[in-house]
Number of protein chains: 2
Amino acid sequence: MPSVTLKMIAKELSLSVATVSKALANSYEISEGTKAIVLEAARKMGYIANPYASSLRKRRSKTVAVVIPEIADSFFAKVINGIEEVALSYGYHVLIYMTHESLSREQAIMQDFRSGRVDGILMSVSEETDTVEHITAVMDSNVPVVFFDRVREELPTTCVITNDFESSYAATEHLISKSCQKIAFVGNSPTLAINRNRESGYKSALKEHNISYENVLICGNDPKSDYKILSSLFKSDGRPDGVILSVEKLIPLLYQVCHDLKVEIPSQLKVLTFTNFAMAEFLNPPLTTINQPAYDIGKVAAQTLFKKLARSNHIAEAESIVLPSEIIFRESSN
Amino acid sequence: MPSVTLKMIAKELSLSVATVSKALANSYEISEGTKAIVLEAARKMGYIANPYASSLRKRRSKTVAVVIPEIADSFFAKVINGIEEVALSYGYHVLIYMTHESLSREQAIMQDFRSGRVDGILMSVSEETDTVEHITAVMDSNVPVVFFDRVREELPTTCVITNDFESSYAATEHLISKSCQKIAFVGNSPTLAINRNRESGYKSALKEHNISYENVLICGNDPKSDYKILSSLFKSDGRPDGVILSVEKLIPLLYQVCHDLKVEIPSQLKVLTFTNFAMAEFLNPPLTTINQPAYDIGKVAAQTLFKKLARSNHIAEAESIVLPSEIIFRESSN
DNA sequence: TTATCTATCGAAAACGGTTTCGTAAATAAA
DNA sequence: TTTATTTACGAAACCGTTTTCGATAGATAA
């Protein structure tokens with residue numbers, strides 16, 4: 001509750017509310033003298049504008065939303081850091097929403113955004129998302145959306161991604177060069193473009209090297225069933241000698257499985273992961289990782305969004321900004 | 001921009017705006033018949049209330065703020081998950097702000113909250129925070145604050161913390177039981193209560209066991225200088241045989257230092273850390289950790305805040321909710 | 001001298017809801 | 001039948017800004 005309002009300042013200075021408002025907005029209509037007087041009074045009285053009154057009238061909220069699955073892993077944490085950094089510099093506020101990989105939650109969240117609550121949206125879709133109506137609906141109501149990481153490239157907007165296909169291709173080739181012959185790929189959702197790109201990078205590399213063994217696993221959200229899926233991998237006959245993890249969350253699980261089944265990394269199994277966290281080097285064994293530039297993805301996505309916000313009539317067309325990932329070779333794939 | 005407003009529905013149904021508003025709010029003043037008609041029309045027309053108009057009039061934003069240093073480590077990520085979960089169930093929105101350990105940023109953020117932007121605040125103070133005027137100012141303007149993790153216990157509100165003193169005491173005793181004689185403690189900020197509690201737990205245990213060696217290091221935000229501080233520790237004469245890390249962020253750094261200086265864990269140095277992340281078990285060597293119940297801390301803090309919000313005249317008194325941490329013994333301290 | 005600017009300010013209408021208060025009709029109480 | 005009460009709704013004020021549109025006085029141009 002804003003104790004001091006424009007009206008109070010106006011009364012105090014025997015000016016009109018309009019004049020005070022304009023003075024604080026540094027309008028050309030107001031003389032430098034009164035501006036100084038108003039500014040001083042506002043400061044002294046501790047005036048802080050009511051953002052809701054302001055947003056209502058200006059039809060702009062100075063707020064953006066970040067919609068993500070969750071902040072379980074380090075990737076989204078760093079992305080948010082990047083976003084917040086940029087938002088701050090633009091004087092924007094950041095609302096955060098988690099879908100917990102649920103389409104219905106995502107739909108409810110997006111529905112709310114048609115109210116004008118936010119001026120723009122930064123989002124990474126859930127695993128379940130197999131329709132985009134809830135997204136196009138808010139885009140149609142003139143709220144720009146910028147995707148990052150988990151994108152929907154078919155929509156007419158900007159996607160900030162990494163070179164997933166290439167990274168995955170290179171990762172697969174790397175394992176092949178280490179004489180792996182049976183390489184498995186573990187992803188999460190077949191509907192996610194990011195996952196499909198990685199998968200096809202993996203498959204292309206196999207094809208290129210005439211390797212017929214191909215094994216794509218889908219792990220979900222439940223650690224228990226994921227554990228089963230992963231462990232069954234090593235109990236089967238076509239036991240792999242290399243694994244590419246597409247999901248950071250599965251790292252501890254894979255290490256656990258290998259530990260429990262006494263599968264030795266890297267002698268019996270070479271491992272390589274898409275991830276983004278500092279401790280990979282100090283794991284046992286040190287983990288080869290494909291590092292996504294998470295912080296920069298957040299920054300670039302936010303900057304792109306603010307550019308769209310600046311231009312009232314931005315052209316809505318599909319576009320991809322690709323930030324390269326970096327493979328860091330460590331013992332787990334040696 | 002909300003394309004369809006109350007006025008439009010009113011006109012469509014030849015009702016007054018007031019009636020429509022009350023009908024949607026399920027007011028007793030409106031007959032069930034008209035309620036049904038209004039609800040149906042609102043649904044069909046795709047009405048979504050403008051939150052800014054609503055907040056302006058109701059003087060409630062249905063929004064809470066989370067103010068934290070940053071989401072660099074897993075702790076705050078999990079806390080936010082817990083907070084978001086609770087906020088969602090209350091129909092609240094979550095604004096997120098990072099101080100980046102800067103007091104002036106924290107002050108600017110809190111200053112803004114005197115505008116009525118948020119109904120309540122969940123916060124973990126920055127390392128630099130050595131004054132609380134900016135916090136009491138918003139509390140005085142009737143915006144409740146609940147602290148978690150990095151708290152200021154002198155303020156008349158609720159703090160959600162873990163049993164830092166006891167955990168640190170137990171951790172120190174554990175190292176002593178492993179026949180460590182020279183145990184160092186690495187904290188971040190001497191102004192933070194959480195750090196002081198851990199430090200005194202450490203010191204009390206030493207005193208209790210008549211150990212005179214006492215070594216408290218302060219590491220800041222800069223990895224380079226932190227590296228120097230940590231490495232100088234092992235170059236000095238009074239080289240420790242045990243270390244307690246109070247800060248998760250320093251784990252990779254410590255492992256790096258030990259690696260570079262060829263200090264072997266745990267034979268030459270036993271290590272133990274306050275942290276909260278799943279991979280500790282798979283580090284080399286597996287790291288003994290004091291796990292904070294991060295997710296629960298977020299949940300409890302949020303629930304406490306919403307309780308305060310529910311009661312308009314909540315009594316403002318200092319109170320601590322202590323959630324116990326859990327020590328998980330692993331090889332690094334064996 | 002008169003007409004035209006220019007600079008500076010205020011009245012009032014938005015923005016889109018919520019809430020108070022009044023009122024007419026229907027019902028209950030006397 | 002008269003009076004009191006309840007039910008169901010609308011008119012209008014209000015939340016605190018922003019913005020449009022005048023209005024006025026003084027300066028300038030014709």
Side-chain angles (χ1 to χ4, degrees), chain A residues 1-39 41-42 45-63 91 112 114-119 141-142, chain B residues 1-39 41-42 45-63 91 112 114-119 141-142:
Chain A
M1 56 188 58
S3 35
V4 38
T5 68
L6 279 190
K7 199 190 287 186
M8 295 181 192
I9 300 181
K11 178 177 281 183
E12 178 76 19
L13 299 178
S14 301
L15 285 172
S16 77
V17 174
T19 303
V20 176
S21 172
K22 290 175 191 168
L24 291 175
N26 200 21
S27 161
Y28 68 95
E29 291 181 85
I30 306 299
S31 73
E32 293 305 320
T34 23
K35 275 183 192 172
I37 293 173
V38 170
L39 234 64
M45 297 174 69
Y47 172 75
I48 304 173
N50 182 314
Y52 296 104
S54 183
S55 291
L56 174 60
R57 178 62 231 231
K58 294 209 284 192
R59 298 166 151 287
R60 273 201 337 190
S61 63
K62 278 271 184 180
T63 304
D112 175 72
R114 299 169 68 181
S115 67
R117 186 186 296 281
V118 296
D119 295 343
S141 65
N142 245 334
Chain B
M1 61 189 50
S3 36
V4 39
T5 67
L6 279 190
K7 200 191 287 185
M8 295 180 191
I9 300 180
K11 178 177 282 182
E12 179 75 19
L13 298 179
S14 300
L15 286 172
S16 77
V17 174
T19 303
V20 176
S21 172
K22 289 175 193 168
L24 292 175
N26 199 22
S27 162
Y28 67 94
E29 290 181 86
I30 307 298
S31 73
E32 294 306 320
T34 26
K35 275 183 192 172
I37 294 173
V38 170
L39 233 64
M45 298 174 70
Y47 171 74
I48 304 173
N50 181 317
Y52 296 105
S54 182
S55 290
L56 175 59
R57 178 63 230 235
K58 294 211 282 193
R59 299 167 152 287
R60 271 201 339 192
S61 62
K62 278 272 185 180
T63 304
D112 175 71
R114 298 168 69 181
S115 69
R117 185 184 297 280
V118 296
D119 295 344
S141 66
N142 247 334

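All chains are named by letter (A, B, ...) in the order of the sequence lines, taking the proteins before the strands, and each is independently numbered beginning at 1.
- Here the side chain of Asn50(B) is nearest to one of dT18(D), dG16(D), dG17(C), namely dG17(C).
- Rounded to a whole Å, the OH atom of Tyr52(A) is 15 Å from the P atom of dT18(C).
- The distance between atom NZ of Lys58(B) and atom P of dG16(C), rounded to the nearest whole Å, is 17 Å.
- In this model, no donor atom of one side chain and acceptor atom of the other lie less than 3.5 Å apart for Ser115(B) and Asn50(A).
- Proximity of Thr63(B) to Tyr52(A): side-chain heavy atoms (C-beta onward) are separated by under 4.5 Å at one or more points.
- An OP1 or OP2 oxygen of dC14(D) is reached within less than 4.0 angstrom by no side-chain nitrogen or oxygen of Arg59(B).
- Under a 4.0 Å N-O distance rule, the pair Arg117(A)/Asp112(A) qualifies as a salt bridge.
- With sequence neighbours excluded, no residue satisfies side chain to side chain donor-acceptor pair (under 3.5 Å) with Arg57(B).
- Atom pair Leu6(A):CG and dT19(D):C1' shows a separation of 13 Å (rounding to whole Å applied).
- Counting non-hydrogen atoms under 4.0 angstrom, Ser54(B) reaches the backbone sugars and phosphates but no base.
- Rounded to whole angstrom, the span from the CG atom of Asn26(B) across to the P atom of dT19(C) amounts to 14 Å.
- The nearest whole Å value for the distance from the CG atom in Leu56(A) to the C1' atom in dG16(C) is 6 Å.
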side-chain contact (heavy atoms from CB on, under 4.5 Å), that's the test. Do Thr19(A) and Leu13(A) meet it? Break it down for me. CA-CA 10 Å; Thr19(A) 303; Leu13(A) 299 178; over 6 Å; no
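- For Arg117(B) and dT17(D), the CZ to P distance is 13 Å, given to the nearest whole Å.
- In this structure, the NZ atom of Lys11(B) is 13 Å from the P atom of dG16(C), given to the nearest Å.
- Here the C1' atom of nucleotide dA12(C) and the NZ atom of Lys7(A) are 13 Å apart, to the nearest Å.
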Atom pairs under 3.5 Å: protein N/O with N/O of nucleotides 6-13 of chain D:
| residue | atom | partner | partner atom | Å |
| --- | --- | --- | --- | --- |
| dC9(D) | OP1 | Thr34(B) | OG1 | 3.4 |
| dC9(D) | OP2 | Ser31(B) | N | 3.0 |
| dC9(D) | OP2 | Ser31(B) | OG | 3.1 |
| dC9(D) | OP2 | Thr34(B) | OG1 | 2.7 |
| dC9(D) | N4 | Glu29(B) | OE1 | 2.7 |
| dG10(D) | OP1 | Ser16(B) | N | 3.4 |
| dG10(D) | OP2 | Ser16(B) | N | 3.0 |
| dG10(D) | OP2 | Ser16(B) | OG | 3.0 |
| dG10(D) | OP2 | Thr19(B) | OG1 | 2.1 |
| dG10(D) | O6 | Lys22(B) | NZ | 2.5 |

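- Comparing the local axis fitted to the first five base pairs of the helix from dT1(C)-dA30(D) to dA30(C)-dT1(D) with the one fitted to its last five gives a bend of 50°, rounded to 10°.
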